[in-house]
Asker: 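I am attaching a structure below and will ask some questions about it afterwards.
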Amino acid sequence: MTTLGNGIRVISQDLDGHVSSLGLYVDAGSRDETSEVAGATHFLEHMAFKSTTKRSHFMLTRDLEKLGATVGAAASRESLSYTAECLRKVVPGVVEAIAETVLYPRFRFVDSEPMRDLIEAEIQEQKKVVEKEVKDLSADSQTKLMESLHAAAYDYRTLGLPLVAEERKLEMIHSDVLTAFMEMHFTPDRMIFSATNVDHQEIVQLVDKFFGNIQTSPRRYVRPKAIYTGGEARLAGDGPVQVAIAFHGVPWKDKDLIPACILHTLLGGGGSFSAGGPGKGMYSRLYTSLLVGYPWIISATAFNHCYTDSGLFGIHCSADPERTEELLEILMKETKSMKQALNERAVKRAKKMTKSSLLMNLESRAVVCEDLGRQILTSGQYLEPDKLASMVDKVKTEDLERVIDRMLSSKPTLAIYGDHHGLPSYTEVTAGFKHGAVAA
Amino acid sequence: MTSSVKLCGSAFGYSRRLNSLFLNVRSSSAKSFSSQVAESTSTIPPPVAPTFVSRSPLQRLKGFFGKYATALPPNYQFEPELQKQVPTRVSQLDNGLRVATEYAPTGTATLGVWIDAGTRFEPERVNGAAHFLEHLIFKGTTQRTQHQLEVEVEDIGAHLNAYTSREQTAYYARSLKEDVPQVLELLSDILKNSRFDAAAVERERDVILREMEEVNQQAEEVLFDYLHASAYQDTPLGRTILGPEENIRALTREDLMEYVKLHYKPHRMVLSVVGDVEHQPIVELAKKHFGGMEMDPTFSGVNTLVSASPAYFTGSDVRIRNDDLPMAHFTIAFETCGWTHPDTVALMVLQSLLGSWDRSSGLGMNTGIRLGAAVADTSCQSVMSYNTTYTDTGLFGVYAVAEPVELDDVGYAVLHELVRACFKIEEADLQRAKVQLKTNLLGQLDNTTAEAEEVGRQLLVYGRRIPLLEMFARIDAVDISTLKRVANRYIYDRDPAVAAMGPIFTLPDYNWIRRRTFWNRY
């Protein structure tokens with residue numbers, strides 16, 4: 001890893017492959033949106049690799065196609081990423097394209113009225129695409145449920161802000177909004193360039209060439225701290241009922257991160273009907289206790305969302321809508337009795353599975369590239385896979401018990417999609433957990 | 001420079017020789033192949049008349065260059081990057097099973113058995129047996145019960161998986177490198193000693209029917225099944241992988257055992273291991289666990305089966321109209337050639353030239369993919385060109401998804417772009433197509449599983465692993481005249497197979513489509 005003069009960090013690893021993965025990560029996501037710029041991150045994702053001050057969208061698209069590069073952008077709650085895959089020899093051209101789209105998008109430098117019309121036309125064009133995507137996503141009940149779960153857990157602030165732009169906010173987006181967000185957040189000290197299958201010296205020089213001349217803004221942005229509040233969200237809808245129960249989990253930079261990941265594997269879960277043979281977690285806790293025991297449960301999976309300063313850990317279930325009440329009851333019981341799942345054999349298996357899935361995922365150059373960027377973004381340092389694997393080995397059952405206690409001591413977050421007629425109130429659910437925690 | 005580089009360097013000087021290398025030829029004596037490795041392929045003498053491979057359709061092919069591609073320019077530079085490719089080492093056991101390994105410093109490995117057996121080798125009565133087997137093979141052996149097998153795999157954090165296609169079946173596992181011997185033994189156990197318990201057969205019927213429901217919800221899967229059923233009507237390649245519902249309900253333990261007995265022969269299997277492993281120890285392990293599999297002295301292979309029951313293509317049209325669905329799906333396909341035909345590389349380039357396009361990508365008309373730019377103005381949501389290859393035939397075509405209006409415009413654009421390749425291809429488009437094809441070929445091998453699958457597949461269909469350097473040279477040897485010749489041969493004025501589904505009331509009839517496979521230019 002190298003830090004350039006203006007603060008941009010470059011990290012790379014050469015795996016001796018023929019294809020390079022490149023990624024520019026900006027430490028800003030939907031949690032950093034203020035009400036004036038709501039929806040900006042999601043929209044920026046779609047404005048990536050469009051017209052810049054140096055090349056029109058047409059030219060940029062054609063040039064990238066000529067290089068054979070595949071580019072993409074993704075917005076998350078905490079970061080924006082611009083990624084590319086290409087052959088080694090065309091890396092310079094692709095780094096240049098990433099720099100152009102990140103630093104010099106045309107909408108940021110509107111200097112005349114005719115230009116403004118052009119830009120707004122391009123933005124309108126993308127709005128149609130985003131609108132369709134938003135529509136598709138809001139038809140997807142699981143995405144909606146997870147959005148509501150975050151909103152409830154963080155009281156509609158920071159991590160609880162919507163990741164998917166809201167339709168009514170979309171109307172208000174124009175070039176000034178995007179520019180304002182970029183000026184605030186796209187500063188070199190909050191950018192990380194990660195790459196796999198490149199020569200480190202070469203990539204440092206390239207990043208220096210294309211990103212070296214931008215300066216850190218004098219205003220220093222202080223990210224509002226995410227405060228976990230717990231809460232509930234109930235959405236009405238048809239089809240199978242979905243319930244998610246979450247607790248305050250662990251942030252990235254936490255000594256309990258590894259135990260929490262192992263617990264996540266241990267609970268595991270899956271769908272009652274899913275592809276794949278042995279090894280997918282058929283003997284994980286949620287599989288054996290929920291999916292095998294109750295044939296009307298369609299799926300049960302554990303989730304572990306980690307962020308820089310907070311996290312959500314919980315279980316998501318979908319089932320026959322006729323039995324919503326029963327499902328909620330079972331799920332509460334399951335969550336309270338997590339500790340019973342910690343027998344020696346299960347813990348040993350979960351550790352081994354965590355380790356193997358870690359190493360298997362890191363076979364991929366694209367995953368390594370993302371992992372480099374994300375680790376630097378969240379903790380400022382990079383842990384080698386071997387180091388992580390040995391950390392997994394060291395975890396004991398007591399560590400897992402501690403993590404469970406820690407999580408269950410927080411207020412629960414509950415999200416239900418479906419028909420919630422006659423379900424217990426949030427107060428009742430909370431009371432149920434208090435009682436359970438004492439009994440355990 | 002490894003010797004695999006020499007192989008392709010010299011091969012380009014001798015066109016006939018290269019041609020023979022591309023064929024799926026096996027030595028008549030299994031022993032002479034044992035312990036030979038792929039790097040030394042260049043020292044293997046040209047194969048003498050094989051006794052067990054029916055070569056008649058393949059022998060007719062003459063010369064690779066000149067007719068099938070232009071020669072590379074005299075100053076052609078091989079990509080220095082590609083010379084670093086880790087060689088695939090191949091050995092053959094006495095019973096004919098091939099063991100291929102490739103090293104990757106990952107701490108993990110993917111190991112699997114790829115078998116030259118798939119749906120098309122089933123008699124019609126037991127259509128679905130190959131896939132049924134894939135399910136049942138994880139349900140216990142004479143050494144392990146189903147429960148023991150599952151727990152064993154999960155305890156070491158390994159993953160076991162399988163798939164069945166029309167011509168191939170694969171059973172593979174991923175694990176940490178220290179568990180490779182154990183997983184290898186387990187793989188051999190399920191292949192050799194599966195019990196196919198009658199009770200398990202009964203239980204699995206419902207699971208497969210459920211899987212069928214899931215598959216039937218994926219428009220693309222369903223449409224391609226219809227396309228095969230129509231294009232290869234009355235031949236084994238037209239049948240579906242899952243088989244009809246009656247078969248799923250009726251197949252017996254004996255049917256499955258019969259299929260295993262007929263097709264799971266060591267000489268039709270490749271054990272492919274990619275990851276943090278060394279060749280020799282794997283070969284030793286393979287000898288120990290797979291060496292006992294009974295050799296089939298006839299060594300009769302896929303080519304015999306295919307010759308006995310070849311796939312005949314029929315220009316045809318199948319439409320499943322359902323106006324309640326939101327999107328219309330249709331595909332237009334032409335017949336091409338088999339795996340080892342010299343035109344395959346040109347067809348890969350042609351497919352890359354046509355490319356794919358999706359409205360949601362936001363590229364719109366700005367894309368250099370002509371097909372995409374042509375449909376951007378229509379009701380089309382996405383187009384995708386494809387190039388599916390089998391032993392003796394192949395399908396090349398375009399798949400389109402569109403709003404249910406003005407499908408004639410979409411159909412016109414698609415056919416216009418297909419036929420355009422017969423007349424005009426721009427140099428810039430060809431260059432883009434080549435670089436994208438190369439990037440895709442390299443890019444998709446992003447983990448040990450993808451790599452192991454590529455090794456297994458290539459050994460089955462080509463009889464060897466084609467070095468990247470050679471593959472790239474073959475791609476570079478394709479020029480505009482080659483592409484035009486190939487497009488004229490397979491597309492121009494040919495009967496396509498058409499499959500359409502959904503609200504397709506605006507899609508013109510077959511004769512309209514057939515008329516647009518040629519241009520009247522005067």
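The figures that follow rest on heavy atoms only: side chains count, while hydrogens, waters and symmetry mates do not.
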Asker: Using a heavy-atom cutoff of under 4.5 Å, enumerate the residues of residues 126-139 of chain A that contact chain B, numbered in order, or state 'none'.
Answerer: A/Q126, A/V129, A/K132

Asker: Where does B/V207 contact chain A at under 4.5 Å (heavy atoms): side chain, backbone, both or neither?
Answerer: both

Asker: Can you tell me which portion of B/E134 sits under 4.5 Å from chain A's heavy atoms? Options are side chain, backbone, both or neither.
Answerer: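 Interface part for B/E134: neither.
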
Asker: Would you check if the side chain of A/T101 reaches a backbone N or O of A/A97 as a donor-acceptor pair within less than 3.5 Å?
Answerer: no

Asker: Using a cut-off of 6.0 Å, state whether more than 12 heavy atoms not belonging to B/Q431 lie near its atom CD.
Answerer: yes

Asker: Please check: side-chain N/O of A/S21 versus main-chain N/O of A/T196, any donor-acceptor pairing under 3.5 Å?
Answerer: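 No; zero donor-acceptor contacts below 3.5 Å.
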
Asker: Flag the pair A/T52 / A/P105 as yes when at least one side-chain heavy-atom distance between them is below 4.5 Å, and no otherwise.
Answerer: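 The answer is no; the side chains never approach within 4.5 Å.
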
Asker: If the plane angle is over 60° it's perpendicular, under 30° parallel, otherwise tilted; pick one for B/Y171 and B/F138.
Answerer: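 The arrangement is perpendicular - the two ring planes meet at more than 60°.
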
Asker: Counting only heavy atoms closer than 4.5 Å, note whether A/S364 contacts chain B via side chain, backbone, both or neither.
Answerer: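 Contact with chain B involves both backbone and side-chain atoms of A/S364.
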
Asker: Quick one: of B/R432, B/R174, B/E154, who has the most non-hydrogen atom pairs under 4.5 Å with chain A?
Answerer: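 Greatest number of close heavy-atom pairs with chain A: B/E154.
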
Asker: Mark yes or no for whether A/N197, through its side chain, and A/L15, through its backbone, hold a donor-acceptor pair below 3.5 Å.
Answerer: yes

Asker: Could you have a look at B/E79, B/M365, B/H135, B/K84 and say which one has the most heavy-atom pairs with chain A under 4.5 angstrom?
Answerer: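 Most heavy-atom pairs within the cutoff with chain A belong to B/E79.
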
Asker: Does a donor on one side chain sit under 3.5 Å from an acceptor on the other, for A/Y283 and B/E150?
Answerer: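 Checked: A/Y283/B/E150 side chains pair up, N/O donor to acceptor below 3.5 Å.
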
Asker: Is B/D429 in contact with chain A via its backbone, its side chain, both, or neither, using a 4.5 Å heavy-atom distance?
Answerer: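 No part of B/D429 comes within 4.5 Å of chain A.
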
Asker: For B/A162, which atoms come within 4.5 Å of any heavy atom of chain A: side chain, backbone, both, or neither?
Answerer: neither

Asker: At a heavy-atom distance under 4.5 Å, which candidate from B/E152, B/K438, B/H147 has the highest pair count against chain A?
Answerer: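 Among the listed options, the one with the most contacts to chain A is B/H147.
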
Asker: Can you name the nearest heavy-atom pair linking A/K355 to A/D393, along with the distance?
Answerer: NZ-OD1, 3.3 Å

Asker: Which region of A/R365, side chain (C-beta onward) or backbone (N, CA, C, O), has a non-hydrogen atom less than 4.5 Å from a non-hydrogen atom of chain B, or is it both or neither?
Answerer: both

Asker: Between A/H46, A/M353, A/M360, A/K66, which shows the greatest number of heavy-atom pairs under 4.5 Å with chain B?
Answerer: A/M360

Asker: Among the options B/N447, B/L149, B/N440, B/T110, pick out the one with the most heavy-atom pairs lying under 4.5 Å from chain A.
Answerer: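 Answer, by heavy-atom pair count under 4.5 Å with chain A: B/N447.
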
Asker: When you check the side-chain N and O atoms of A/E120 and A/S175, is any donor under 3.5 Å from an acceptor?
Answerer: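 There is such a pair (donor and acceptor under 3.5 Å, judged by atom type) between the side chains of A/E120 and A/S175.
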
Asker: Quick one: what part of A/K351 sits under 4.5 Å from any heavy atom of chain B, side chain, backbone, both or neither?
Answerer: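 Contact with chain B: none, neither part.
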
Asker: Using only heavy-atom distances, determine whether the side chains of A/T61 and B/N366 contain a donor-acceptor pair under 3.5 Å.
Answerer: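 No, no side-chain donor-acceptor contact under 3.5 Å.
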
Asker: Counting heavy-atom pairs closer than 4.5 Å to chain A, which one of B/T439, B/V86, B/L445, B/T106 comes out on top?
Answerer: B/T439

Asker: Report which part of A/L67 has an atom under 4.5 Å of a heavy atom belonging to chain B: side chain, backbone, both, or neither.
Answerer: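 A/L67 touches chain B through backbone heavy atoms alone.
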
Asker: Determine whether the side chains of B/T88 and B/E102 contain a donor N or O and an acceptor N or O closer than 3.5 Å.
Answerer: yes

Asker: Report which part of A/A350 has an atom under 4.5 Å of a heavy atom belonging to chain B: side chain, backbone, both, or neither.
Answerer: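 Neither; nothing under 4.5 Å.
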
Asker: Got a donor-acceptor contact below 3.5 angstrom from the A/S51 side chain to the A/S56 backbone?
Answerer: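 No; judged by distance alone, with no hydrogens or angles, the pair does not exist.
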
Asker: Counting only heavy atoms closer than 4.5 Å, note whether B/L468 contacts chain A via side chain, backbone, both or neither.
Answerer: side chain

